[in-house]
Amino acid sequence: MKYYMPVRVFDEKDCVSYHAKDISALGKRALIVTGKKSAAINGSLKDVTDALRQNGTDYWIFSEVEENPSVETVFAARDRFISENIDFVIGIGGGSPMDAAKAIALVLKHPEADLEYLYDKSADPSALPVVCVPTTCGTGSEVTGVSVLTRHDKKTKISMVHRVYPALALIDGKYLKSAPHTLIVNSAVDALSHLYESVLNAKSDDYVRMTAEAGLKLWAECKDVLTGEKQADEQDYEKLMRASAFAGMSIAGSGTSLPHALSYILTYDLLLEHGKAVGYFLPGFMAEAPAIERDELLSLSGFDSIDDFISFINRVLGKQDIAQSELEKTCIAVASNQAKMKSASFEVDEKMLERIVYFRQKNGMP
Ligand code: NAP
Ligand code: ZN
């Protein structure tokens with residue numbers, strides 16, 4: 001067994017301001033990477049720029065990261081800022097800007113790098129230091145080395161092979177206050193999926209189970225917020241963010257499994273949000289998982305039974321019309337990928353994969 005989580009995590013209210021010196025200790029010239037709007041609205045961008053100014057750190061802003069960031073965006077940022085002698089990169093936002101920041105930090109360090117470089121296991125994986133400030137509660141990207149990137153040439157999403165762990169993760173639940181309920185729900189379902197998939201994973205071990213168990217307990221405490229039965233307060237936002245970070249630590253140890261593998265083509269073709277796409281396959285995956293371990297995970301996350309869990313997913317994610325042809329395409333793509341087929345802790349053959357993919361349809365679910 002090995003446990004590797006080299007990220008310095010500060011998880012507290014106003015942590016960006018409190019740790020301004022830790023940010024500026026990473027260099028004199030920072031590139032801030034954000035999505036198009038939200039960082040300016042939820043206060044995270046201002047907190048970061050105030051912190052940098054306080055310590056005399058120069059900064060540039062790249063605010064063009066789209067949802068499900070593409071490799072083209074990564075290289076566009078590199079080409080625009082390569083002459084600025086950037087020392088470190090700060091990713092602010094959901095998984096999209098944080099993942100983009102990691103890849104940008106890699107290619108800024110290696111100006112000669114091209115698309116192949118991102119997928120070449122023999123290439124030097126060192127990158128400029130990265131700081132992550134999450135503003136959604138799903139990906140846990142602030143504590144993983146993973147960068148999931150859209151490949152338009154392949155019409156799907158493929159993570160780069162290099163692992164770029166952030167040097168610093170600054171986690172503050174207050175950035176969720178301005179997030180719409182659907183974004184909180186979608187990203188919390190993503191976090192739940194990370195927690196389940198990391199344990200029901202061929203690479204799971206006691207360290208993965210330790211972080212997943214802690215994450216599931218925190219996640220369970222926020223369930224009523226997701227169903228709308230409770231108005232979220234400051235503590236709920238903190239717990240949602242922390243559960244997402246624990247979930248990130250869990251997948252950093254084991255990787256994800258079939259719901260994630262199945263989600264990528266759906267997201268690419270239908271522009272379905274990541275959490276929704278993963279959540280579509282989660283009931284089928286859980287229904288096939290060995291009952292004892294599955295029920296323990298469900299119970300830790302506050303569900304009485306698999307039926308209770310499925311009705312929760314239907315309730316919070318709502319109706320999703322996915323064409324039969326799209327499900328077939330996804331099923332064929334994953335069935336032909338041996339690594340993905342072997343990613344679960346239990347044996348999955350093509351028949352079982354089909355049951356997972358068509359579970360919602362077959363069970364008359366929305
Ligand atoms: P996202 O794609 O980063 O953002 C989704 C939307 O939410 C964007 O429109 C964004 O607006 C907005 N937004 C973000 N924070 C907000 C806030 N606090 N208030 C209001 N709006 C806000 O969403 P995500 O679900 O966090 O990330 C999904 C990506 O992460 C996918 O590409 C997925 O594959 C990847 N992922 C990575 C890992 C990993 O380990 N690295 C794990 C799971 C998933 P703006 O565009 O204006 O910012
Ligand atoms: Zn995910």
Side-chain angles (χ1 to χ4, degrees), residues 7 32-45 47 62-71 73-74 91-103 130 132-151 156-160 162-166 169 172-198 232 237 240-241 244-245 247-268 271-282:
V7 185
I32 300 173
V33 174
T34 71
K36 296 195 172 135
K37 285 193 271 189
S38 68
I41 297 168
N42 63 37
S44 52
L45 178 60
D47 284 352
F62 179 70
S63 59
E64 287 166 35
V65 178
E66 72 278 39
E67 291 182 35
N68 306 299
S70 63
V71 288
T73 300
V74 168
I92 309 175
S96 297
M98 291 193 286
D99 283 6
K102 294 174 192 173
V130 173
C132 278
V133 182
T135 67
T136 64
C137 52
T139 71
S141 178
E142 67 277 12
V143 292
T144 77
V146 174
S147 167
V148 188
L149 300 172
T150 293
R151 292 280 302 265
T156 187
K157 292 164 63 173
I158 310 178
S159 303
M160 64 176 192
H162 309 295
R163 293 292 174 261
V164 177
Y165 281 89
D172 188 339
K174 76 178 178 187
Y175 301 131
L176 284 179
K177 268 188 217 159
S178 64
H181 186 66
T182 48
L183 176 64
I184 292 188
V185 166
N186 290 344
S187 51
V189 168
D190 185 25
L192 183 65
S193 201
H194 296 162
L195 293 162
Y196 289 164
E197 287 178 54
S198 61
Y237 292 132
L240 283 163
M241 280 279 199
S244 169
M249 290 173 198
S250 310
I251 51 168
S254 63
T256 53
S257 185
L258 289 164
H260 270 73
L262 290 163
S263 75
Y264 294 134
I265 291 181
L266 237 55
T267 289
Y268 189 86
L271 301 178
L272 201 60
E273 294 91 334
H274 176 68
K276 269 202 168 148
V278 167
Y280 186 84
F281 299 109
L282 200 51

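One-based numbering, in listed order, for ligands and for the atoms of each. Position 1 is the first residue of the sequence, and the numbers go up from there.
At a 4.0 Å heavy-atom cut-off, ligand 1 does not touch Thr34 at all. Proximity of His274 to ligand 1, defined as any heavy-atom pair under 4.0 Å, is confined to the side chain (atoms from C-beta onward). Heavy atoms of Asn42 found under 4.0 angstrom from ligand 1 belong exclusively to the side chain. With a heavy-atom cut-off of 4.0 Å, Pro180 touches ligand 1 through its side chain alone. Counting heavy atoms closer than 4.0 Å to ligand 1, residue Met98 contributes nothing at all. By the criterion of a heavy-atom distance under 4.0 Å, the side chain of Asp99, and not its backbone, is placed next to ligand 1. Looking at His194 against ligand 1, only its side chain comes within 4.0 Å, counting heavy atoms.
Looking at atom 8 (C) of ligand 1, its nearest protein heavy atom turns out to be Glu67 OE2, 3.4 Å. In terms of protein heavy atoms, atom 23 (O) of ligand 1 is closest to Gly95 N, 4.2 Å. Atom 34 (O) of ligand 1 has Lys157 NZ, 2.8 Å as its closest protein atom, hydrogens excluded (heavy atom only). Atom 15 (N) of ligand 1 has its closest protein heavy atom at Thr135 OG1, 2.8 Å. Atom 19 (N) of ligand 1 has its closest protein heavy atom at Ala179 CA, 3.4 Å. The closest protein non-hydrogen atom to atom 48 (O) of ligand 1 is Ser38 OG, 2.6 Å. Counting only heavy atoms of the protein, atom 39 (C) of ligand 1 lies nearest to Thr144 OG1, 3.7 Å. Summary of contacts: the protein heavy atom closest to atom 25 (O) of ligand 1 is Thr139 CG2, 4.1 Å.
Rounded to 10°, the angle formed at the Zn ion (ligand 2) by NE2 of His194 and NE2 of His260 is 90°.
Ala191 and Cys137 make their closest contact through CB-O, 3.8 Å (heavy atoms, listed as atom of the first residue, atom of the second, distance). Across Thr135 and Gly94, no two heavy atoms sit closer than the pair OG1-N, 3.6 Å.
Of all the atoms in ligand 1, the ones that sit under 4.0 Å from a non-hydrogen atom of Pro97 are 3 (O). For ligand 1, the atoms sitting less than 4.0 Å from at least one non-hydrogen atom of Lys37 are 45 (P), 47 (O), numbered in the order shown with element in parentheses. Heavy-atom contacts of Val148 reach the following atoms of ligand 1: 34 (O), 37 (C) (cutoff under 4.0 Å). Listed by atom number, the atoms of ligand 1 under 4.0 Å from Gly94 heavy atoms are 3 (O), 26 (O).
Without hydrogens or angle criteria, Ser244 side chain to Leu240 main chain gives no donor-acceptor distance under 3.5 Å. At least one donor-acceptor pair closer than 3.5 Å links the side chain of Lys102 to the backbone N or O of Thr144. Panel note: side chain His194, backbone Ser250; no donor-acceptor pair is recorded below 3.5 Å. Looking only at distances, a side-chain donor or acceptor of Asp99 sits under 3.5 Å from a matching main-chain atom of Val148. Counting only distance, with no hydrogens or angles, the side chain of Thr150 and the backbone of Asn68 share a donor-acceptor pair below 3.5 Å. Checking side-chain atoms of Glu197 against main-chain N and O of Ser257 turns up a donor-acceptor pair under 3.5 Å. In this structure a side-chain-to-backbone donor-acceptor pair under 3.5 Å is missing from Ser96 to Glu67.
Remark: ligand 1 and Asp190 share no N or O pair separated by less than 3.5 Å (distance only, no angle test). Remark: ligand 1 and Tyr264 share no N or O pair separated by less than 3.5 Å (distance only, no angle test). Considering backbone and side-chain atoms together, Val146 places an N or O closer than 3.5 Å to an N or O of ligand 1. Considering backbone and side-chain N/O of His260, none are found under 3.5 Å from N/O of ligand 1.
Residues Thr139 and Met98 are in side-chain contact: their nearest non-hydrogen atoms beyond the backbone lie under 4.5 Å apart. Contact annotation: the side chain of Ile92 approaches that of Leu45 to within less than 4.5 Å [non-hydrogen atoms, C-beta and beyond].
Using a 3.5 Å distance cut-off with no hydrogens or angles, the side chains of Thr267 and Glu273 do not pair a donor with an acceptor.
For the pair Gly275 and ligand 1, no heavy-atom separation below 4.0 Å is found.
Taken from CG in Leu282 to NE2 in His260, the straight-line distance is 9.5 Å, to the nearest 0.5 Å. Taking OH of Tyr268 as the reference point, atom NZ of Lys157 lies at 11.5 Å (rounded to 0.5 Å). Taking CZ of Phe281 as the reference point, atom CG of Leu266 lies at 4.5 Å (rounded to 0.5 Å). The distance from the OH atom of Tyr175 to the CD1 atom of Ile41 is 14.5 Å, given to the nearest 0.5 Å.
Within Asp190, the N, O or S atom lying nearest to the Zn ion (ligand 2) carries the name OD1.
One finds a salt bridge joining Lys174 and Asp47 here, because a Lys/Arg side-chain nitrogen approaches an Asp/Glu carboxylate oxygen to under 4.0 Å.
When the options Ser96, Gly145, Gly248, Gly138 are ranked by their closest heavy atom to atom 1 (P) of ligand 1, first place goes to Ser96. Checking Asn68, Leu45, Thr136, Val164 against atom 26 (O) of ligand 1, the nearest heavy atom belongs to Thr136. Within the set Leu183, Asn186, Ile251, the minimum heavy-atom distance to atom 12 (C) of ligand 1 is found for Leu183.
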